[in-house]
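One-based numbering, in listed order, for ligands and for the atoms of each. All of these numbers come straight from a predicted model, not from anything done at the bench.
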Amino acid sequence: MSDLQTMLPLYMVTSLDVVFLIVAGPGCVHCLRIRRYFLRPAIQGRLLALNLQSLEKMTSIRLSVSISSSSSSFLGQGSISSRTQKSSFPARKSGTCVCVVTPTTEKTAYKTKVSRNANMAKLQAGYLFPEVARRRAQHMVKYPNAQVISLGIGDTTEPIPELITSAMAKRANELSTLEGYSGYGAEQGERKLRGAIASTFYGDLGIEESDIFVSDGAKCDISRLQMLFGSNATMAVQDPSYPAYVDSSVIMGQTGQFQKAVEKYENIEYMRCSPENGFFPDLSIVPRTDIIFFCSPNNPTGNTASREQLTRLVQFAKDNGSIIVFDSAYALYISDDSPRSIFEIPGAKEVALETSSFSKFIGFTGVRCGWTVIPKELSFSDGFPVAKDFNRIVCTCFNGASNIPQAGALSALSPEGLKEMYGTIGFYKENTKIIMDTFKSLGFNVYGGENAPYVWIHFPGRSSWDVFAEILEKTHVVTTPGGGFGPGGEGFVRISAFGHRSNILEACKRFKQLYK
Ligand SMILES: Cc1ncc(COP(=O)(O)O)c(C=O)c1O
Ligand SMILES: *[C@@H]1O[C@H](CO)[C@@H](O)[C@H](O)[C@H]1NC(C)=O
Ligand SMILES: *[C@@H]1O[C@H](CO)[C@@H](O)[C@H](O)[C@H]1NC(C)=O
């Protein structure tokens with residue numbers, strides 16, 4: 001019997017006349033295949049002793065096996081202990097195959113002769129959010145009946161207003177008509193939308209329609225910008241920061257290896273942002289780099305840089321001849337008078353470009369539409385305009401944003417659309433306040449949240465992955481460990497305010513029970 005267990009290493013559940021064997025699925029070590037065998041009457045009693053795991057385990061996997069009345073003669077004579085017997089097990093009915101965790105390794109016998117991109121091999125364990133998702137999936141296997149609440153990745157949850165989806169539906173339907181059909185659009189985006197973005201977000205800042213490149217999202221633009229700067233460019237990032245800057249830099253080959261001892265890649269400047277410096281880096285100790293990624297309101301700390309701080313940043317970039325890539329993906333969450341765009345700072349057009357997105361403004365995380373602003377004033381050391389090179393990248397590697405999301409984005413910038421947009425943002429901001437108040441009442445030091453949908457909570461001296469695991473285990477709430485955003489995030493956990501109100505309230509109730 002123990003031999004059977006080693007052959008079928010996962011789970012085995014028996015009932016009176018049926019045995020379910022849960023085994024690894026084909027070609028994917030993380031897929032579970034449920035096999036069902038019918039037992040001969042003579043063997044039923046003996047196999048019941050093999051009930052390794054409770055039937056409860058099974059409920060995590062949808063059992064769509066239809067029970068057939070035809071009984072097979074599986075496990076004849078009860079000789080089940082020999083390995084050779086395994087191959088003769090007739091799989092009478094194979095059931096569902098469910099992937100429960102993201103595969104980390106694939107075993108294939110055949111290998112090509114293509115060597116792996118060494119820069120890809122430098123990347124650590126995996127992109128932060130897939131790793132969080134993997135742990136969530138593991139947790140759900142462990143607690144199949146738990147009501148898991150995700151306040152982790154920071155994905156929007158509220159439906160897109162009808163006004164905007166109907167604009168997209170209309171555009172989609174027009175594509176079925178002779179007059180309404182369009183193929184490739186302008187690589188830089190539709191003129192009307194570029195104009196609407198320029199006037200809505202950069203009204204009196206001197207940004208023109210022609211400075212706007214519409215895209216399929218800020219993350220995609222960040223990678224295209226890395227391609228534009230090339231593998232020779234040097235980078236500085238806030239620490240902690242949104243992981244896409246560092247990872248795209250590694251992929252481009254701008255960095256050395258990951259240094260385990262300090263949790264940093266060689267050749268990237270990590271500008272520490274902590275409560276001690278008001279989440280704004282001490283620029284006097286930051287060495288010169290070509291590019292400075294700067295995100296405000298910040299993901300993950302939720303902190304927003306003041307006008308005075310951004311003025312210093314622009315001056316620093318000018319003194320060093322650097323280019324700032326300003327990420328304003330959360331600009332509309334700002335309630336005070338902090339700048340919503342780097343171009344509010346005088347002189348910024350010569351040293352900065354800006355990337356932003358409809359994702360967190362109006363729930364376009366799945367629809368995909370964003371933009372990048374590159375002022376004509378911004379040039380490389382030889383005087384060549386950055387915008388011209390970016391245009392070339394966009395034409396070569398992208399071909400422009402999809403026309404349907406662009407129709408949605410345009411309607412989002414109409415007066416009624418903007419009202420909806422601020423309504424949705426206001427809803428998430430109320431969520432943020434509920435989370436902040438909860439942790440404040442529990443005596444935690446709580447940061448961010450005022451101008452951003454993220455709450456940054458301090459757990460001094462603790463490993464952020466440990467805190468993440470503790471919260472998940474005890475409350476079934478998924479958060480994000482601060483350490484995933486860089487060494488400066490250690491000791492912190494990020495809680496996202498994107499969620500249905502009932503989930504936010506329930507999560508806060510559980511936090512109060514855990515930390516009371
Ligand atoms: C700071 C920051 N920039 C960019 C993005 C990516 O946005 P998009 O969905 O437009 O690619 C995100 C998404 O979470 C973000 O937090
Ligand atoms: C990288 O820098 C070296 C040394 O300055 C230079 O010779 C080379 O042309 C640069 N490569 C690219 C792709 O710009
Ligand atoms: C970068 O700017 C700082 C502050 O303005 C200055 O002290 C430093 O010398 C500059 N570094 C370089 C290499 O230009």
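- A salt bridge is absent between E416 and K419: the closest approach of a Lys/Arg side-chain nitrogen to an acidic carboxylate oxygen does not fall below 4.0 angstrom.
- Under the salt bridge (charged side-chain N to carboxylate O under 4.0 Å, His left out) criterion, E266 pairs with no residue, sequence neighbours left out.
- Y515 and E470 form a side-chain donor-acceptor contact under 3.5 Å, judged by distance and modelled atom types alone.
- A salt bridge links E506 to K509: at least one charged side-chain nitrogen sits closer than 4.0 Å to a carboxylate oxygen.
- Protein residues having at least one heavy atom under 4.0 Å from any atom of ligand 1 are G217, A218, K219, Y242, Y245, C295, N299, D327, A329, Y330, S357, S359, K360, R368, listed by chain and number.
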Determine, stepwise, if the pair K376 / S210 fulfils side chain to side chain donor-acceptor pair (under 3.5 Å). CA-CA 9 Å; K376 291 170 191 62; S210 55; 2.9 Å; yes

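- Ring pair F364/F361: centre-to-centre distance not below 6.0 Å.
- There is a side-chain donor-acceptor pair under 3.5 Å between Q226 and Q254.
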Could you list, one pair per line, each nitrogen or oxygen of ligand 3 together with any protein nitrogen or oxygen closer than 3.5 Å, giving atom names and the distance rounded to 0.1 Å?
residue: ligand 3; atom: 2 (O); partner: N320; partner atom: ND2; Å: 2.0
residue: ligand 3; atom: 5 (O); partner: D319; partner atom: OD2; Å: 2.5
residue: ligand 3; atom: 11 (N); partner: N320; partner atom: OD1; Å: 3.1

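- For residues 472-499, the pairs satisfying ring pair (Phe, Tyr, Trp, His ring centres under 6.0 Å) are H139-H476, Y143-H476, Y428-F498, W456-F492, H458-F492, with sequence neighbours left out.
- One finds a salt bridge joining R224 and D216 here, because a Lys/Arg side-chain nitrogen approaches an Asp/Glu carboxylate oxygen to under 4.0 Å.
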